[in-house]
Amino acid sequence: MAVDAEVIVVGAGPVGLMLAVELGLRGVRVLVIESLAEPSPHSRAFGLHARSTETMELRGLLPRLTAQAARTPMVGGVSPAFRAGIPLAHFAGIRTVRLDTLEASRPGMFAIAQTGVEAVLGARATELGAVIRRGVTVTGLTQDDDGIMVSTMDGDFCTAEYLVGCDGGRSTVRGLAGFGFPGSDPTITGRLAEVAVPDVMTDPGMGWHRCRSGILQVLPGRVLAVEFDGPPADRDDPVTVPELSASLSRIVGRPIEVAAQPRWMTRFTDNTRLADDYRRGRVLLAGDAAHVHSPFGGQGLNLGLQDAVNLGWKLAATVAGWAPEGLLDSYPAERRPVAARVLHNTRAQVALMNPDSRATPLYELFGELMELGDVNRYLAELISAVGVRYDLPGAGHPLVGRFVPDLTLRPGAGAAVRVRELFAAGRPVLLDLADDAQVRETAAGWADRVDVVTARPVEGATEPLLVRPDGYVAWAGVGDLGEALGRWFGRPAHRRHPR
């Protein structure tokens with residue numbers, strides 16, 4: 001199986017495939033190793049939050065996702081009319097969070113099953129040259145100054161310059177590389193089943209319910225039951241219909257029979273852990289391999305996708321040899337605090353959902369607070385990642401560290417173009433919004449790495465913006481542009497002599 005690769009990605013879930021796309025856009029030779037012989041037909045996650053949808057838009061993948069969503073079964077009876085922008089979410093199952101009021105080009109949630117996301121990203125990664133090997137289990141790894149070698153269960157091995165573990169919460173890569181994974185042990189047992197249960201569909205009915213002995217969510221083709229009695233003793237055993245029926249009965253407080261055979265059942269907990277670092281030498285972590293938490297708020301898939309997009313261009317620059325010092329280490333510096341924040345809010349949701357009567361006043365008070373527009377907006381930005389701002393040099397400017405505004409530009413006499421359409425190739429973009437020759441002169445040495453776009457915004461400020469490939473503003477018209485270009489994109493390919 002030995003393949004000549006520059007980067008090995010372990011795990012062909014959405015995070016590993018997104019990373020393969022990002023690396024492939026920049027010509028990096030990628031080998032993706034996956035232990036499952038076939039892609040799973042079941043989805044643990046459903047939907048892309050606003051920031052992930054905008055990121056897919058940057059890469060030109062939104063039309064493919066839209067087409068895939070139309071033919072991917074969605075549990076819960078989501079109408080195709082709402083696939084492009086479900087307006088509501090829940091925080092701790094209390095009240096709705098208005099996602100459609102977000103200051104984002106794609107507010108709401110894009111409704112697509114995880115399997116659909118994987119299908120689109122897998123096809124795109126393959127188009128870009130990634131090699132995907134399924135049914136391959138990693139058993140060992142060694143690294144030195146020259147590279148990394150991975151051994152597999154079948155006795156084969158492969159080598160690369162870097163390895164990224166995207167292999168989930170029980171990551172083999174994380175264990176083999178010696179990352180710590182501190183956090184808190186689980187306190188709940190959740191059971192999720194793709195099945196219609198008529199008794200609970202009519203009583204207590206659709207939606208979220210905080211019952212006397214647990215939490216229940218009922219959708220047309222799905223039921224979720226959460227009990228606060230500690231973790232399951234049989235975490236790895238298959239969920240059975242009697243087990244699900246018993247859990248529903250305890251939560252609702254009357255006998256519930258699951259008559260139909262579920263299409264799929266699984267357990268989950270609120271095991272909450274964060275890797276002590278995201279990098280050890282030539283080994284990096286992304287997605288659930290780096291952080292695990294309860295699924296409330298639907299943040300896990302989206303958090304991992306953003307890891308991949310942040311890491312991809314930095315790792316590619318390192319492989320290409322032009323990365324400035326510290327660029328690769330900026331990945332854990334930026335993304336680990338974001339994950340810590342997600343872990344914090346999911347812990348808060350579990351605490352609020354606890355059916356203990358002593359927590360009821362807090363649950364009810366928080367529900368009242370969510371009726372306030374500012375609180376609702378804050379929570380929407382929190383769970384959608386729209387509120388993420390990286391602490392970057394020059395962050396005194398309101399745009400630096402934030403996602404690029406959705407500007408409409410008019411380049412000369414040409415047709416108007418949206419800024420979000422300029423990043424399909426995964427390259428950084430310097431927006432020269434005032435037709436400034438000095439800006440273009442300064443950037444000339446980075447022409448092999450940075451695209452310069454001269455255009456007038458249809459409305460808004462005209463200061464220049466330097467935007468990283470992940471869509472975040474690195475510099476905004478204040479301070480030394482050459483310094484900013486060098487900090488993020490290395491030394492210029494050539495230096496012009498002063499006139």
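Keep in mind that the numbers below use all heavy atoms, side chains included, and drop hydrogens, waters and symmetry copies. Just so you know, these numbers come straight off a predicted model, no measurement behind them.
- For the atom pair Leu465 CG and Trp475 CH2, the distance stands at 8.0 Å (nearest 0.5 Å).
- For the pair Arg402 and Tyr472, the cation-pi test (distance below 6.0 Å, angle within 45°) is failed.
- Side-chain atoms of Tyr390 and Arg468 form no donor-acceptor pair, as typed in the model, at a separation below 3.5 Å.
- Of all the heavy atoms in Val429 and Leu431, the pair that sits closest is CG1-CD2, 3.7 Å.
- Of the possible polar contacts, one joining the Thr240 side chain to the Glu243 backbone as a donor-acceptor pair under 3.5 Å is found.
- Side chain of Ser52 to main chain of Leu48: no donor-acceptor pair is present (N/O by atom type, distance under 3.5 Å, no hydrogens or angles).
- Side chains of Gln143 and Arg280: a donor-acceptor N/O pair is absent below 3.5 angstrom, by distance only.
- The backbone N or O of Gly287 sits less than 3.5 Å from a side-chain atom of Asp307, completing a donor-acceptor pair.
- Between the CG atom in Asp167 and the CG atom in Leu176 there is a gap of 9.0 Å [rounded to 0.5 Å].
- Put simply, the side chain of Ser40 does not reach to within 4.5 Å of the side chain of Thr115, judged on heavy atoms.
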Can you give each donor-acceptor pair under 3.5 Å made by side-chain atoms of residues 224-231, sequence neighbours left out, with the distance rounded to 0.1 Å?
unit_1, atom_1, unit_2, atom_2, d
Glu227, OE1, Arg250, NE, 2.8
Glu227, OE2, Arg191, NH1, 3.2
Glu227, OE2, Ser247, OG, 2.8
Glu227, OE2, Arg250, NH2, 2.9

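- Of the possible polar contacts, none joining the Ser384 side chain to the Ala50 backbone as a donor-acceptor pair under 3.5 Å is found.
- Enclosure of atom CZ in Arg254 by more than 12 non-hydrogen atoms of other residues, nucleotides or ligands within 6.0 angstrom is indicated.
- The heavy-atom pair separating Leu23 from Ala316 by the smallest distance is CD2-N, 3.9 Å.
- Checked by atom type, the side-chain pair Asn345/Gln299 shows a donor-acceptor distance below 3.5 Å.
- The neighbour count for Asp391 CG, taken as heavy atoms of other residues, nucleotides or ligands under 6.0 Å away, does not exceed 12.
- A donor-acceptor contact closer than 3.5 angstrom links the side chains of Glu463 and His397.
- To the nearest 0.5 Å, atoms CD1 (Ile94) and CG (Leu352) are separated by 4.5 Å.
- Within the 3.5 Å criterion, the main-chain N or O of Gly387 finds no donor-acceptor partner in the side chain of Glu381.
- Under a 3.5 Å cut-off, the side chain of Asn271 and the backbone N or O of Asp185 do not form any donor-acceptor pair.
- Partners of Ser213 by side-chain contact (heavy atoms from CB on, under 4.5 Å), not counting sequence neighbours: none found.
- Residues passing the side-chain contact (heavy atoms from CB on, under 4.5 Å) test with Glu421, sequence neighbours excluded: Val417, Arg418.
- Residues passing the side-chain contact (heavy atoms from CB on, under 4.5 Å) test with Phe181, sequence neighbours excluded: Arg174, Arg273, Ala275, Val292.
- The list of side-chain hydrogen bond (donor to acceptor under 3.5 Å, both in side chains) pairs with a residue in residues 8-19, not counting sequence neighbours, is empty.
- The backbone N or O of Ala290 sits nowhere less than 3.5 Å from a side-chain atom of Arg336 that would complete a donor-acceptor pair.
- Note that NE2 of His49 and CG of Leu382 are 10.0 Å apart. Values are rounded to the nearest 0.5 Å.
- Listed by chain and number, the residues in a salt bridge (charged side-chain N to carboxylate O under 4.0 Å, His left out) with Glu325 amount to none (sequence neighbours excluded).
- The backbone N or O of Ala12 lies less than 3.5 Å from a partner atom in the side chain of Glu34, making a donor-acceptor pair.
- In this structure, Arg267 contributes its side chain and Asp237 its backbone to a donor-acceptor pair below 3.5 Å.
- Partner Phe91 forms a ring pair (Phe, Tyr, Trp, His ring centres under 6.0 Å) with one of Trp208, Phe366, Phe296, Tyr363 and no other, that one being Phe366.
- When all heavy atoms of Arg51 and Val386 are compared, the pair lying nearest together is NH2-O, 3.2 Å.
- In this structure, CG in Leu62 is found 12.0 Å from CZ in Arg64, a value given to the nearest 0.5 Å.
- With rounding to the nearest 0.5 angstrom, the CG atom of Asp470 is 5.5 Å from the CG atom of Asn310.
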(request) Please test Arg134 against Ser35 for side-chain hydrogen bond (donor to acceptor under 3.5 Å, both in side chains), starting from the C-alpha separation and ending with a verdict. (result) CA-CA 6 Å; Arg134 297 186 179 273; Ser35 59; over 6 Å; no
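- Considering every non-hydrogen atom in both Ala125 and Ala20, the closest pair reads CB-CB, 3.9 Å.
- Remark: side-chain polar atoms of Asp270 are not paired, donor with acceptor, to backbone N or O of Thr189 under 3.5 angstrom.
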